[in-house]
J.: 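Would you mind keeping the following structure in view while I ask a few things?
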Number of protein chains: 4
Amino acid sequence: MPLSKLFCKQDASVAVKRERRKEARPGELLDAALDLFVEKGFAATRAEEVAARAGVSKGTLFLYFQSKEELLKAVVRENISGRFKEWNDEFLKFEGNSTEMLTYCMNIWWDRVGATKASGITKLMMSEAKNFPEIAAFYQQEVIAPGQALIRRILQRGIDRGELRALDLDYAVYTIVAPMMFLILAKHSAGVCVINAADLDPKKYIATQLSAILHGLSTAADGSSPDKEKKST
Amino acid sequence: MPLSKLFCKQDASVAVKRERRKEARPGELLDAALDLFVEKGFAATRAEEVAARAGVSKGTLFLYFQSKEELLKAVVRENISGRFKEWNDEFLKFEGNSTEMLTYCMNIWWDRVGATKASGITKLMMSEAKNFPEIAAFYQQEVIAPGQALIRRILQRGIDRGELRALDLDYAVYTIVAPMMFLILAKHSAGVCVINAADLDPKKYIATQLSAILHGLSTAADGSSPDKEKKST
Amino acid sequence: MPLSKLFCKQDASVAVKRERRKEARPGELLDAALDLFVEKGFAATRAEEVAARAGVSKGTLFLYFQSKEELLKAVVRENISGRFKEWNDEFLKFEGNSTEMLTYCMNIWWDRVGATKASGITKLMMSEAKNFPEIAAFYQQEVIAPGQALIRRILQRGIDRGELRALDLDYAVYTIVAPMMFLILAKHSAGVCVINAADLDPKKYIATQLSAILHGLSTAADGSSPDKEKKST
Amino acid sequence: MPLSKLFCKQDASVAVKRERRKEARPGELLDAALDLFVEKGFAATRAEEVAARAGVSKGTLFLYFQSKEELLKAVVRENISGRFKEWNDEFLKFEGNSTEMLTYCMNIWWDRVGATKASGITKLMMSEAKNFPEIAAFYQQEVIAPGQALIRRILQRGIDRGELRALDLDYAVYTIVAPMMFLILAKHSAGVCVINAADLDPKKYIATQLSAILHGLSTAADGSSPDKEKKST
DNA sequence: CATGAATGAGGTTTCATTCAT
DNA sequence: TATGAATGAAACCTCATTCAT
């Protein structure tokens, strides 16, 4: 965890002395900050609360982070570190058909991201992007772009294998992205997406969405070409 | 020094000092508030800014709205709550099949809500719900619940007419809701949903989503029952 | 009631036109102001409340009184107008002994001042004197000084007639003043003088005080000279 | 620009910047608050003024007291509430007769309360009671009630010992309370009680009042029963 | 390194006062 | 004259940030 790079810029030359839990401090603060920023929003979270939850004093927080804004940036950077490379490799090796692949993909994504604290970052970015264009750009570059690229490759693979229809990938990616995004927001913005978020079973939600995405809700599995509808718009 | 000078553009010819327009004020303030709340967030918007954009002074705002929070409630009421009844009536009269209905429904929703300023409220609520539980409850009751009920009725109608598969409505509604929500968020949270929001053609997005939702992305329009996949979860 | 003199200074030359209830307005405002200032204090009373209670609009109040402070001054001036001359004459004619005179005096004072709204002025002055030295001086000159002079004459008369002990009038006046003042404050500052102000019967209070003042609480009506105690200080 | 410079006089030699004196702060703030509240009234005193007089900044005040109102409560507690127990004990031990006791009592009260800054609280409560019912209730319970109870016990003791007439204590207490209250008000509401407050010698005032209360102003120390007057009302 | 007392800019809200009608 | 919509100074209180210890 090379966190030190992120905040210690001016005093890189300082000799390292006592190392009790010094190294752990920034991480604890980032964890606390993520929790609180997601839970209460950035503006509504007081710096002292973050410090308290991390078990340190207010002053210590500002020892590690120049400002509350810098703390937010660090939180985002820390929690979106490129896991995409490993996933990409993993998916490259995957041998099932597209149905299996997308099913595996969405479920594994929920287990590894959606169900974890990291999913709060999405909510956080959505709320604060306007106020922090710099980290929004960073987030787009580090998360959105690789994420969409990954999904495009999966869809392209399906098309190439003749398992998926010929899709305009620029729009088809959102068929996969939108349900995932919505699930995260439902989890973190209780009430404004879903009536009772606690009652929503993520796995069943994913299954339902996959079923629709792959085979449609329609009973017309016969001759009625799916392309017909496009014209009716 | 009246701040109004800084913002009023349309009536630069008038000697704008203490115009008395009791009727028009609330509407102007609500418009200004919607713009700013969506643009900067509720907490980050100062009451004085809202007043200035409406071309009045700080004090005038509090003449019409008891508090900043009450102003937000009024914004929600003004832009969403009152419109469900007419939509409901409209959809009840619709005579086409489910494909036509959902297509009509999503497109008309985009034209009347998604493409308008009112769509910013969704984003707004998502960001501020945690901090203003009272408003969140109000929004859930006035917007989320009626909206989902409307979609459930449309899906149920399709099932009853044999046009849609037998669906678990508790989960199927999100097949419709998620893409709509995502489209709004893409519009208002530039960058954190979509790479380049400006390039996303809403109508084409809706068409793609509808095509997927209704008929699936899969080429397997044959014997492969859509129910099979559920087991693979 | 030559109230006009009090507020109309700059436009005394203006011709008098329509006289509906114009003349009565200032008086109604002063009445309302007295009530509210006494009830809630000067600072806590809003100008609009005064106007509302007088049945006019906020603007009208400022038509008659230059400012809220001027209104207060007018209230005080209006309600302490020299009733002392008539009382003085009345007391000059009184023919009873000192006990009868003081008894009559305190009771009549309660009936004519203490029990009326005018008594609120005392409370008002006490609270606001520091903030309005000008009217405090006015009040002292118009009320305190004549009041004390009156009491001094009554006591002096008693001494001259041999009914009262030889008193140092500079201090003896307060033997009469203090109980009266306390009674008014008990009435207007509920709770901070008396536990339950409503239970205090003014006439019984006055009788008790008079009994003490005139004859003492002590049973030692015998040889123990009242002057003895003075030495023990 | 630290306002403290404007008020701090005693420590001009110290480079007064950010002195840390957690222990001393509350006391300094309470002293400053008492002074200003008494001098200008509660509502008219700005929180920042209190802080400035205590030599700290606005924020520091709210570090120690949740609100301005809470500060007032603390002022009352600090200066009055806690002292009744010791006084009560002291008076229980007193062995003189009622004349001696009341004389001792009123003089000691003046020395310990009346002559000190604490006496300003009485005036303060009188002015603000209506606007802060919670504080008024607190004051009644903590100060008025115990104070009256103490005086009742003293009078009852005198009656039991045959030194005082059979009194209706519900009214007789005010024979003692009223002069004390008046003396305080004379001191703090200069001009509206007494012509020239500076000329009033408290000790002489108390002696005069005691003399009257105990033995009466009347020369009729003979057979004329003090009860006669009651009928003449 | 760590603390937490101290700071003060900044936000919401109130209300005396003005002025166009 | 009378109105009441509009104004904006000022008050309370919060909290990010600093700095003496």
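Numbers restart at 1 for each chain; the letters A, B, ... are given by sequence-line order, proteins then strands.
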J.: For a quick check of understanding: with a heavy-atom distance under 4.0 Å over all strands, which category does D:Lys68 fall into, base, sugar-phosphate or nothing?
T.: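 Here D:Lys68 touches the backbone only, sparing every base.
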
J.: Across all strands shown, which nucleotide pairs with F:dA2 by Watson-Crick or G-U wobble geometry, both distances under 3.5 Å?
T.: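 For F:dA2, the partner nucleotide comes out as E:dT21, under the 3.5 Å rule.
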
J.: Suppose we define a pair by two distances each less than 3.5 Å, Watson-Crick or G-U wobble; what does F:dA9 pair with here?
T.: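 Matched F:dA9 with E:dT14 under the 3.5 Å cut-off.
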
J.: Pick the closest DNA chain F nucleotide for C:Ser57 and for A:Phe42 by heavy atoms, then say which residue is nearer the 5' end.
T.: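 Counting from the 5' end, the first nearest nucleotide belongs to C:Ser57.
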
J.: Between P on F:dG4 and CZ on B:Arg25, what's the gap in Å once rounded to a whole number?
T.: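 So the two atoms are 17 Å apart, to the nearest Å.
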
J.: Could A:Lys68 and A:Phe42 be counted as a cation-pi pair, given that NZ or CZ must be under 6.0 Å from the ring centre and within 45° of the axis?
T.: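 Yes - A:Lys68 lies over the ring of A:Phe42, closer than 6.0 Å to its centre and within 45° of its axis.
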
J.: Can you measure from OG (C:Ser57) to CZ (C:Phe62) and round to the nearest 0.5 angstrom?
T.: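 C:Ser57 OG to C:Phe62 CZ: 10.5 Å, rounded to 0.5 Å.
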
J.: Could you work out which one of F:dA5, E:dA5, E:dT3 sits closest to the side chain of A:Lys58?
T.: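 Out of F:dA5, E:dA5, E:dT3, the nucleotide with an atom closest to A:Lys58's side chain is E:dA5.
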
J.: Enter the distance from B:Arg25:CZ to B:Leu61:CG here, rounded to the nearest 0.5 Å.
T.: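 Reported to 0.5 Å precision, the distance equals 11.0 Å.
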
J.: Closer to the 5' end of DNA chain F via nearest nucleotide, is it C:Val56 or B:Leu63?
T.: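 Going by which nucleotide is closer to the 5' end, it is C:Val56.
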
J.: Nearest nucleotide by nearest heavy atom, which residue falls closer to the 5' end of DNA chain E, A:Gly59 or B:Ala47?
T.: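 This one resolves to A:Gly59.
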
J.: What is the distance from CD of B:Glu49 to C1' of E:dT13, rounded to the nearest Å?
T.: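 So the two atoms are 16 Å apart, to the nearest Å.
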
J.: Given atom CZ of A:Phe65 and atom C1' of F:dT18, what is their separation to the nearest angstrom?
T.: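 Those two atoms, CZ and C1', are 18 Å apart.
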
J.: How many Å lie between CZ on D:Phe132 and P on F:dC12, as a whole number?
T.: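 Nearest whole value for this atom pair: 10 Å.
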
J.: Mapping C:Glu69 and A:Gly55 onto DNA chain E by nearest heavy atom, which one lands closer to the 5' end?
T.: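 It is A:Gly55, whose closest nucleotide lies nearer the 5' terminus.
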
J.: Within the structure, does a side-chain N or O atom of A:Ser67 lie under 4.0 Å from either OP1 or OP2 of F:dA16?
T.: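 It does not, given that no N or O in the side chain of A:Ser67 lies less than 4.0 Å from OP1 or OP2 of F:dA16.
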
J.: List the atom of A:Val192, the atom of B:Ala129, and the distance in Å for their closest heavy-atom pair.
T.: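 A:Val192 and B:Ala129 have their closest heavy atoms at CG1-CB, 3.7 Å.
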
J.: To the nearest Å, how far apart are B:Leu61 CG and F:dA5 C1'?
T.: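 The answer, rounded to whole Å, is 14 Å.
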
J.: Give the rounded distance in Å between these two atoms: CD of A:Glu48 and P of E:dA6.
T.: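 Roughly 14 Å, once rounded to whole Å.
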
J.: In whole angstrom, what separates B:Leu29's CG from F:dA6's P?
T.: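 About 9 Å, once rounded to whole Å.
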
J.: The side chain of A:Phe62 is closest to which nucleotide in this list: E:dT14, F:dT17, F:dA5?
T.: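 Of the candidates, F:dT17 comes closest.
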
J.: Take the protein atom CG of B:Leu72 and the nucleotide atom C1' of E:dT12, then report the distance between them rounded to whole Å.
T.: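 The answer, rounded to whole Å, is 15 Å.
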
J.: E:dT14, OP1 or OP2 - any side-chain N/O from C:Arg46 closer than 4.0 Å?
T.: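 No, because none of the side-chain N or O atoms of C:Arg46 sits under 4.0 Å from OP1 or OP2 of E:dT14.
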
J.: Could you pull out the closest heavy-atom pair between B:Lys123 and B:Val38, with the gap in Å?
T.: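 What the structure gives for the nearest pair is NZ-O, 4.3 Å.
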
J.: Touch check for D:Tyr64, heavy atoms < 4.0 angstrom, all strands: base, sugar-phosphate only, or nothing?
T.: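 Sugar-phosphate contact only.
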
J.: Are D:Thr60 and E:dT7 close enough that a side-chain N or O sits under 4.0 Å from OP1 or OP2?
T.: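 For E:dT7, OP1/OP2 do have a side-chain N/O of D:Thr60 under 4.0 Å.
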
J.: Looking only at heavy atoms, what is the nearest atom pair of C:Ala54 and C:Leu29, with distance?
T.: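 Shortest heavy-atom contact: CB-CD2, 3.6 Å.
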
